[in-house]
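Predicted, not measured: the structure shown is a model, and the values here were computed from it.
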Amino acid sequence: MTDHQIHTLSNGIRILFKHSPSPITHCCFVFNAGSRDELPGKEGLAHFIEHMLFKETKRRSTTQILNYLEMVGADLNAYTTKEYTCIHASLLNQHLQRAVDLFEDIIFHSTFPEEEMEKERGVILDEIASYQDQPEEAIQDDFEEYLFKDHPIGNNILGTDESVAAISQQDIHQFTKATHNTHQMVFAVYGDYKFEKLIKMCEKYFGTISENTSHKNRISPNPVKTGIYAVQKPIAQTHCIIGGRAYPSAHQHKYGLLLLNNILGGMGMSNRLNLEIREKHGIAYTIESNYTSLTDTGIFSIYLGTDAEKTDKAIKLVHKELKKLRDNRLGEVQLKQAKDKFIGQIALAEESRMSLIISMAKSLMDFDRIDTLEDVFGKVNAVTADQLLQISNEIFDNDGLITLLFEPK
């Protein structure tokens, strides 16, 4: 039994619906175009377009766009990733048609006026400067640049001062034409509606959009060049990332690595890195690990911030924990506890309904299917201790890891 319904419009846009008796609707429009689709010299273009979608359209001014949903108390926002752009809104059920109307207008009828481009260019340049002032954020981007050297996946989603300054209206039109394939777009709704009425509404607004079957030429990254890199910064604390390439989103060991990441440095205070480095030795306020999967690769990283004189010890302790996972098979009790913890966290995360509906939309786009919560639990429970040992030796192999340090001047 599925807990959702899907309908495909004649132009390829898919409508995804999950019912909820709540008076609040969460909806999103996701399209398969992100920063990795940018041409050399056009870094930051996908993110620039995301900003410009909230500017003028053929029938709305910037003020009208910003007010249209906020005047009924709705929350409207958007973001860009390496592979996606997502626009999302939360609102009372009776106002869904407003969201559908606005999404259709800004996504397909934005005019990208030059004067608005100049304003937003300044905003994004300020955003880049602000980001660079946060070393705990900036180090992740720099790490990915080393991890995917000379490949679009390694580029900062925001772009650079030079690339953003050079973006033109023509660049925007060329990018949207080349990447906004209607067969790779999903409009998803989580709310209290009759599916037939929702489809009728979507047919009215999205059904008349011209079909776009453009094909993106995404090239897989070259082999990683490992090493240890140190950058001097005007900061008070050392920031460090240790990590490497990981499994793509369709890989058979994806759920094994998600479980392993949770054991090592995932959500909560009881993960191994936090217990060893923060609680036992008291040498890092923040330490965490992350695994992000992309369509053809993945990123695993461990981040920590600590005083300069404690950095070497902290790094040694991180490698000690990685070695434990490479050398020691989890016992049955340890494995069951790790699975119970992770499954509980997944269940709680479903309570964030916006995150859930966006995740469902991306799953439909990537795999043409959506796993139920029971399916996900089954995949987590199917992971074996031997698989975790194999994954640890593949992903945590020292020969495949990069270390990046931001050190105080």
Side-chain angles (χ1 to χ4, degrees), residues 30-53 78-86 117 120-168 170-181 184 214-227 229 231 233 239 241 243-246 248-249 290-301 303 362 366 402-404 406:
V30 181
F31 41 102
N32 193 3
S35 62
R36 72 172 298 178
D37 302 308
E38 297 159 351
L39 296 174
K42 307 299 180 185
E43 295 82 12
L45 180 55
H47 174 254
F48 197 110
I49 292 170
E50 173 226 309
H51 275 237
M52 289 302 299
L53 293 179
Y79 65 88
T80 307
T81 70
K82 305 281 185 182
E83 297 188 319
Y84 303 102
T85 303
C86 175
M117 284 186 63
E120 212 55 33
R121 199 187 312 276
V123 170
I124 294 172
L125 290 173
D126 284 344
E127 186 178 359
I128 292 172
S130 173
Y131 209 67
Q132 290 171 344
D133 282 342
Q134 302 174 60
E136 67 277 11
E137 302 286 347
I139 195 171
Q140 183 68 45
D141 284 322
D142 286 13
F143 166 75
E144 290 174 12
E145 188 175 337
Y146 283 106
L147 191 61
F148 298 100
K149 197 71 174 174
D150 300 321
H151 190 278
I153 294 177
N155 294 335
N156 190 319
I157 292 169
L158 301 180
T160 65
D161 289 352
E162 295 74 22
S163 64
V164 170
I167 289 173
S168 68
Q170 182 181 7
D171 292 332
I172 291 177
H173 290 303
Q174 288 176 343
F175 184 83
T176 55
K177 184 178 180 181
T179 63
H180 289 194
N181 183 329
Q184 296 177 339
S214 59
H215 176 72
K216 291 184 287 296
N217 183 28
R218 286 181 174 172
I219 301 170
S220 295
N222 296 321
V224 62
K225 295 180 181 178
T226 60
Y229 306 93
V231 181
K233 296 265 186 179
H239 299 262
I241 284 193
R245 301 269 181 91
S249 52
N290 289 285
Y291 164 44
T292 302
S293 61
L294 303 174
T295 52
D296 54 358
T297 187
I299 303 166
F300 172 79
S301 64
Y303 164 81
K362 289 179 178 178
D366 286 343
I402 286 174
T403 301
L404 174 62
F406 278 4

At what distance, to the nearest 0.5 angstrom, does OH of Y303 lie from CD of E136? 5.5 Å
At what distance, to the nearest 0.5 angstrom, does CG of L45 lie from CD of Q174? 9.5 Å
Heavy atoms only: give me the nearest A46-S35 pair and the separation to one decimal. CB-N, 4.0 Å
So which heavy atom on A246 is nearest to which on I299, and how close? CB-N, 3.8 Å
CG (L404) and CD (E145) are apart, to the nearest 0.5 Å, by 10.0 Å
N/O donor-acceptor pair under 3.5 Å between K82 side chain and I153 backbone: yes
Between CD on residue E43 and CZ on residue F48, distance to nearest 0.5 Å: 14.5 Å
If only atom types and distance count, is the side chain of T176 paired as donor or acceptor with the main-chain N or O of I172 below 3.5 Å? yes
Is the closest side-chain donor-acceptor distance between S168 and D171 under 3.5 Å? yes
Derivation of the side-chain contact (heavy atoms from CB on, under 4.5 Å) call for D161 and I128: CA-CA 8 Å; D161 289 352; I128 292 172; 3.7 Å; yes
Got a sec: does the CD of Q134 have more than 12 other heavy atoms crowding it under 6.0 Å? yes
Heavy-atom closest pair (E38 atom, H47 atom, distance to 0.1 Å) is OE2-N, 4.4 Å
Heavy-atom nearest pair, S163 first then G41, reads CB-O, 3.8 Å
Any idea how H180 and F175 line up, ring-wise: parallel (<30°), tilted (30 to 60°), or perpendicular (>60°)? perpendicular
Please check: side-chain N/O of R218 versus main-chain N/O of D296, any donor-acceptor pairing under 3.5 Å? no
Hey, what do you get for NE2 (H173) to CD1 (I49), rounding to the nearest 0.5 Å? 9.5 Å
Within the distance-only criterion (no hydrogens, no angle test), does the side chain of T85 pair as donor or acceptor with the backbone N or O of A33 below 3.5 angstrom? yes
If every non-hydrogen atom of A178 is compared with every non-hydrogen atom of S214, which pair is closest and at what distance? O-OG, 3.2 Å
Stepwise, does the side-chain contact (heavy atoms from CB on, under 4.5 Å) test hold for D366 with T295? CA-CA 8 Å; D366 286 343; T295 52; 4.1 Å; yes
Output for pair (Y84 OH, N32 CG), nearest 0.5 Å, gives 5.5 Å
Would F148 and R245 count as a side-chain contact (heavy atoms from CB on, under 4.5 Å) if you check the C-alpha gap in whole Å, the side-chain angles of each, and the deciding distance to 0.1 Å? CA-CA 9 Å; F148 298 100; R245 301 269 181 91; 3.1 Å; yes
Presence of salt bridge, K216 and D37, under 4.0 angstrom: no
For the residue pair S301 and F143, what are the closest heavy atoms and their distance? CB-CE2, 3.9 Å
Ignoring hydrogens and angles, tell me if any N or O in the side chain of R36 forms a donor-acceptor pair with the backbone of N155 under 3.5 Å. no
Heavy-atom donor-acceptor pair, D142 side chain to I139 backbone, under 3.5 Å: no
Could you walk me through whether I167 and R121 satisfy the side-chain contact (heavy atoms from CB on, under 4.5 Å) test, starting with their C-alpha distance in whole Å, then the side-chain angles of each, then the deciding distance to 0.1 Å, before giving a yes or no? CA-CA 9 Å; I167 289 173; R121 199 187 312 276; 4.0 Å; yes
Ring-face cation of K149 near Y146 (centre distance under 6.0 Å, axis angle within 45°): yes
Just by distance, do the side chain of H151 and the backbone of I219 share a donor-acceptor pair under 3.5 Å? yes
Between E50 (side chain only) and T80 (backbone N and O only), is there a donor and an acceptor less than 3.5 Å apart? yes
